[in-house]
Amino acid sequence: MFEVILKGHDKYYGVSDVVRMFFGVPEELKDEGKVVAPEGPDIRITNELLPDGRSVTYSEDKVYEFEGGLLEPGREIKRSLYLALSDITSQRMPWGCLTGIRPTLVACEEEDAKALEDKYFVRPDKAKLAFETSREEQRILSLVPEESLCIYVGIPFCPSRCEYCSFISSDISCHMDRLVNYEAALEREISLIASSIKRPVSAVYVGGGTPTVFEEKEFASLLDCMFLNLNITPECEVTVEAGRPDTITDGKLLAMKDHGITRICINPQTMRSETLLKLGRKHTAEDIVRVYRKAEDTGFDLINMDLIAGLPYENADEHVKSTKRLIELSPANITVHTLYKKRRASISREQVMDLYKTRGELDNCVAESYDLLKEAGYRPYYMYRQKDTGHGLENTGFAKGNTGSLYNVAMMSDARDVLSFGAGGMSKRCFKQEGEKHKHRVERCPTIKDALTYIERVEEMAEKKIAFFGM
Ligand code: SF4
C-alpha cells in the first residue's frame with residue numbers, strides 16, 4: 001500500500017491531489033495523519049513542512065527537496081511530494097505539480113512561461129499554453145466591467161443521456177411532462193428576480209443539459225421572457241448551448257436569431273458516427289454538418305463546437321480526425337476537452353482509467369489537435385482542468401481572432417459575479433482581496449439540483465438569490 005504521512009501540516013487536500021495524479025483517488029485517514037493510495041508500490045513516505053516554510057518529502061533512504069525560492073506552504077508541500085512521486089514512478093506529469101483547475105491563474109503571476117517550468121515542473125508546451133492563454137483571458141476579462149453581472153440559465157434536460165456525461169441532466173424520454181413545468185418555473189424565477197437587478201449585464205449563457213430540448217413554443221417563450229426581463233443590450237454576449245443536433249430545428253434557429261442570440265454551440269464531441277451512436281447520442285456526424293450549415297445560413301457567424309479527446313469506442317487518433325473535420329467547417333470557436341470521470345457518469349471508471357495505458361498516445365493526439373488549430377488560425381483563449389482526468393490533461397477553448405467567449409472567461413476567472421437561474425445553478429459573488437491581483441474570494445449560493453423540487457420551490461430560490469446578492 002502506498003502511504004504518505006503528513007508532518008508539520010494538515011494539508012490533506014493538497015497531498016491527495018498530488019497522490020491522485022499518480023495512483024488514483026486516495027483515502028484521507030486524518031486520525032492516523034496519513035493519505036493512502038488505492039494503487040501504487042508498497043512504500044511509506046513522509047511529507048513534512050519545516051518551521052522555515054520549506055517542505056521535504058522523504059522515504060527511508062531518500063530525501064526530496066526543491067532548491068530555490070520559497071512558495072507558500074500549500075504549493076511547497078505539493079512540490080516536494082511531486083518530486084518524490086515522480087522519482088518513485090519515473091513519470092512526469094504534463095502540468096508538473098500544478099493540481100488546480102485553473103493553471104492560467106498561476107501563469108498570471110509569472111513574467112514568462114519558463115517560470116512555470118522552473119517552479120512547478122510544468123512541461124514546456126503546457127507552460128507556453130498556460131502563459132499564452134492567461135494573457136488572452138486577461139484581455140477578454142478587461143472587456144467585462146467589474147460591476148457587471150453574468151447570467152446563467154440552466155436547463156438540466158437532454159434528449160438522451162450520453163454515457164460519459166458528468167452533468168446533472170435528465171433524459172427527457174423519462175421526464176417529458178416536466179419540461180413544460182420547468183420552463184414555466186424558469187420564467188417565474190426570471191421575472192421574480194429581474195426587477196431587482198440594477199447592474200449592467202455583460203454576458204448571458206443558456207446552458208445545460210441541452211436548452212434546445214424544449215419544444216419550439218416553450219423555447220421561444222423562454223427567450224421572450226429573458227429578453228423582456230433581463231437587461232440584455234445589443235452589446236451583450238448571449239450564448240445558447242444548442243448542443244445536440246437532434247434538438248435543433250429551423251424554428252429554434254430562427255427564434256434565436258430573431259431574439260438576438262449572438263453565439264450558439266453545436267457540439268459534436270467526435271465526428272465519428274459510430275462512436276456517437278455507441279455513446280447514446282442518437283445522431284450522426286452528418287447531422288452535425290447539416291445543422292451547422294443551417295445555422296450559418298440562418299446568419300450565425302459565432303458558433304462554438306466542442307470535441308472530447310479520449311472517448312471510449314474510438315482510438316485517440318480519431319480525435320485528430322474530428323479536429324480536422326471541424327477545421328474544415330471553420331466555426332469561430334472550437335473547444336477541446338479531455339475525457340474525465342465523475343460520479344454520475346454511467347461510463348465506468350475503468351473505461352476512463354484505461355486511458356492511463358494510452359496516456360502518451362492521447363497526449364500526442366491532443367498536442368497534434370492544438371497544432372492543427374493554431375495552423376488554422378485559432379488561438380487559445382480560456383482553459384481549465386478537471387480532477388480525475390486520468391491522463392492529467394486539460395480543456396482548452398480556441399477562438400479565431402477576437403471571438404473568445406466573454407462568459408466562459410468571466411465565469412472561469414472567478415472574478416465576476418454570476419447570477420444563475422434554474423435547477424442546479426450556482427450563483428457566485430467575487431470579492432477583491434487586498435494584495436491579490438488576480439485571485440478573488442468567492443461566495444457561492446447553490447440552487448436545488450432536482451428539477452421537480454426546483455419547480456415546487458422556485459419562489460424560495462428566487463428570494464434566496466435576491467438576499468444573496470443584496471438586491
Ligand atoms: S453530454 Fe451534453 S448532451 Fe450529453 S447528456 Fe451530457 S449534457 Fe446532455
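What you see is a predicted model; the values in this text were computed from it and never measured. Counting starts at 1 for both ligands and their atoms, following the listed order.
The proximity of Arg244 to ligand 1, defined as any non-hydrogen pair under 4.0 Å, is limited to the side chain. When non-hydrogen atoms are compared, ligand 1 lies under 4.0 Å from the side chain of Thr210 (C-beta onward) but not from its backbone.
At least one N/O/S atom of Cys162, from backbone or side chain, sits under 2.8 Å from atom 4 (Fe) of ligand 1. Contact annotation: Cys158 places an N, O or S atom under 2.8 Å from atom 8 (Fe) of ligand 1.
Taking CG of Leu393 as the start and OG1 of Thr338 as the end, the distance is 5.0 Å to the nearest 0.5 Å.
Using a 4.0 angstrom heavy-atom cutoff, Gly209 counts as in contact with ligand 1. Residue contact annotation: Arg281 has a non-hydrogen atom under 4.0 Å from ligand 1.
Evaluation of the side-chain contact (heavy atoms from CB on, under 4.5 Å) rule for Lys128 yields Glu132 as partners, not counting sequence neighbours. Contacts of Leu192 classified as side-chain contact (heavy atoms from CB on, under 4.5 Å), with partners at least two apart in sequence or in another chain: Arg188, Glu459, Ala462.
Less than 4.0 angstrom separates some heavy atom of Cys165 from each of these atoms of ligand 1: 1 (S), 5 (S), 6 (Fe), 7 (S). When each atom of ligand 1 is checked for a heavy atom of Tyr164 under 4.0 Å away, the hits are 1 (S).
A salt bridge does not link Lys257 with Asp297: every distance from a Lys NZ or Arg NE/NH1/NH2 to an Asp or Glu carboxylate oxygen is 4.0 Å or more.
The backbone N or O of Thr270 lies less than 3.5 Å from no partner atom in the side chain of Lys321, so there is not a single donor-acceptor pair.
Looking at Thr323 and Tyr370, their side chains never come closer than 4.5 Å, going by heavy atoms from C-beta outward.
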